[in-house]
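Working notes for the structure below.
By convention here, the first residue in the shown sequence is residue 1.
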Amino acid sequence: MAKRPATKTSSKSASAPKTSARKSAPKTIDSPAPPETNSSGTQRVAAVTFSEILGQDRALDTLRASIRSKRIHHAWIFHGPNGVGKLTAALAFAAAILDPTTGTSLTGDIEPDPDSPVQSLLRAGTHPDLHVITKELARFSADRKTRDAKLITIPKDVIETHLITPAYLAPSVRNDAPIGKVFIVDEAELLDRSPTNAPTQNALLKTIEEPPERTAFILVTSAEDLLLPTIRSRCQRVAFRPLDADAMRTWLKTHADIAERLSPKDQQWAFAFADGSPGVLDLALKTGILGSSGSPGWVATLDPSLSALERGTFDPALGPVMAKLADEWAEAWVKSHDNASKEAANRAAADWMLRLLATRFRTLLRGSVRDPIIAERAAGAIELLRTAERRLDANLQGVFVFDALAADLAAHFAGALVSP
């Protein structure tokens with residue numbers, strides 16, 4: 001139920017929102033490391049190839065086929081849950097199509113020469129024709145109002161300055177690569193979207209409709225439905241899926257710093273919470289949702305009250321504790337992210353809390369297939385989370401939402417559900 005703050009799905013790199021995620025959760029880190037934003041929009045990215053990306057064979061086959069055909073579409077949408085490798089794949093695709101050395105390797109994969117001039121520029125973060133557009137570029141805007149605004153959208157000024165204007169300039173690197181310039185828009189769902197007025201998306205649409213030669217645009221999004229239908233219809237869509245259990249275990253083996261913090265029991269629960277997203281697992285550990293050495297995390301903190309709840313005993317502290325944990329998470333998020341919106345962080349934290357509860361009740365549901373009474377209560381508890389979600393959508397403060405949710409869950413597990 002929670003969505004968003006992207007992590008690595010690369011089998012080599014390490015790094016730092018949605019799962020079935022909501023659109024307001026904070027962004028998790030898409031591997032390799034998150035691009036380092038600077039005023040030019042060029043990015044320093046770790047070397048990564050398609051062969052290093054886990055669990056996305058169908059998506060990568062589409063990209064490989066495009067490169068082999070030598071007819072690369074100019075506009076793409078990479079869509080799917082956060083933290084499953086969309087941004088990683090976009091960077092790997094960009095690295096391949098910007099490089100004239102890209103071809104079939106001895107292993108049969110599509111790869112550029114790792115020692116080529118283009119790859120050296122990419123690793124140094126000095127390739128002038130790869131532009132990664134993020135909301136954080138607003139900090140470098142010439143417009144003070146844009147610079148000072150909370151980072152909850154990608155402003156039109158950012159798109160005009162870092163995409164539309166440079167798109168119509170000639171590539172700085174002259175070579176025989178199939179594509180001369182690549183523009184990646186991360187979190188593209190944060191572009192404005194209004195039935196009557198969507199100036200940023202419409203400005204982008206015009207550029208996609210009349211693309212400069214040898215230019216590719218990649219929109220990376222975990223909420224494709226928030227892009228205008230006219231944009232979606234002009235892009236080649238590539239779906240990214242949650243990783244299966246084997247891919248998640250492979251990913252964890254390559255991230256010893258994360259694996260060593262999870263006991264076998266914790267790993268099982270963490271995988272259920274991540275729901276196939278390495279980015280969600282990474283963020284949950286780094287921000288204390290799943291806990292770490294010296295800190296119990298949300299799971300351990302809430303377990304006694306939730307266990308009592310499932311036995312029909314109500315702990316009146318449950319609602320306030322959930323609200324406190326969510327508020328502390330939001331405060332820490334805002335403190336560690338320049339210009340972050342406290343309102344957006346509050347909603348993100350609430351979504352993570354609902355996701356944690358949903359994971360617990362789904363686990364209870366799966367474990368009670370032979371006990372119809374427990375199964376019914378677990379299913380009913382999941383429905384109550386949707387009620388809480390609707391209250392959040394109605395802008396009710398989190399402290400009241402969690403108080404009401406705790407009371408409803410108590411009544412439900414006691415066998416006398418009250419109407420919300």
Side-chain angles (χ1 to χ4, degrees), residues 23 27 34-45 73-79 86-87 90-91 94 97-98 125-173 179-224 226-236 337-341 344:
K23 298 170 179 91
K27 181 185 184 303
E36 296 178 9
T37 303
N38 59 46
S39 59
S40 69
T42 57
Q43 308 290 325
R44 178 175 291 107
V45 297
H73 193 63
H74 73 280
W76 300 77
I77 292 176
F78 288 10
H79 64 96
K86 302 185 302 299
L87 180 57
L91 293 169
I97 61 181
L98 285 169
T126 55
H127 197 301
D129 299 316
L130 172 61
H131 303 264
V132 181
I133 315 303
T134 67
K135 63 182 183 297
E136 285 77 18
L137 286 173
R139 298 173 189 156
F140 306 104
S141 173
D143 178 58
R144 181 175 179 179
K145 183 177 180 181
T146 301
R147 288 198 307 272
D148 294 342
K150 296 297 184 181
L151 298 178
I152 57 177
T153 63
I154 301 176
K156 185 180 180 183
D157 177 72
V158 167
I159 293 298
E160 289 177 335
T161 302
H162 297 283
L163 188 151
I164 295 174
T165 297
Y168 290 96
L169 301 177
S172 297
V173 176
I179 294 294
K181 291 173 293 181
V182 176
F183 296 86
I184 300 172
V185 182
D186 191 26
E187 295 185 285
E189 69 273 11
L190 298 184
L191 297 166
D192 59 15
R193 173 69 160 93
S194 166
T196 57
N197 182 31
T200 308
Q201 287 205 42
N202 281 321
L204 177 61
L205 172 63
K206 184 175 181 181
T207 304
I208 291 175
E209 287 178 328
E210 303 173 4
E213 291 185 3
R214 298 180 63 232
T215 300
F217 305 94
I218 306 173
L219 308 184
V220 177
T221 179
S222 53
E224 186 192 16
L226 294 183
L227 297 175
L228 293 173
T230 45
I231 287 182
R232 298 200 301 268
S233 67
R234 286 160 175 78
C235 295
Q236 183 161 341
H337 293 76
D338 292 342
N339 287 22
S341 163

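- Between Tyr168 and Thr215, the closest side-chain pair of non-hydrogen atoms is not below 4.5 Å.
- The distance from the CD1 atom of Ile231 to the CG atom of Leu226 is 11.5 Å, given to the nearest 0.5 Å.
- Looking only at side-chain heavy atoms (C-beta outward), Thr161 and Ser141 stay at 4.5 Å or farther from each other.
- At a cut-off of 3.5 Å, with distance as the only test, a side-chain donor of Ser222 or Glu189 sits close to an acceptor on the other residue.
- Every residue meeting the ring pair (Phe, Tyr, Trp, His ring centres under 6.0 Å) condition with Phe183, not counting sequence neighbours, appears here in chain and number order: His131, Phe217.
- The shortest side-chain heavy-atom distance between Ile184 and Leu130 falls under the 4.5 Å cut-off.
- Under the 3.5 Å distance criterion, with hydrogens and angles disregarded, no donor-acceptor pair is assigned to the side chains of Thr146 and Asp157.
- Ile208 contributes atom CD1, which lies 9.0 Å from atom CD of Gln201 (distance to the nearest 0.5 angstrom).
- Note that CG of Leu169 is 6.0 Å distant from NZ of Lys181, once rounded to the nearest 0.5 Å.
- Note that the CD1 atom of Ile154 and the CD1 atom of Ile133 stand 8.5 Å from one another [nearest 0.5 Å].
- Shown here are the ring pair (Phe, Tyr, Trp, His ring centres under 6.0 Å) partners of His337, two or more places apart in sequence or in another chain: Trp333.
- Rounded to the nearest 0.5 angstrom, Leu228 CG and Leu204 CG are separated by 9.0 Å.
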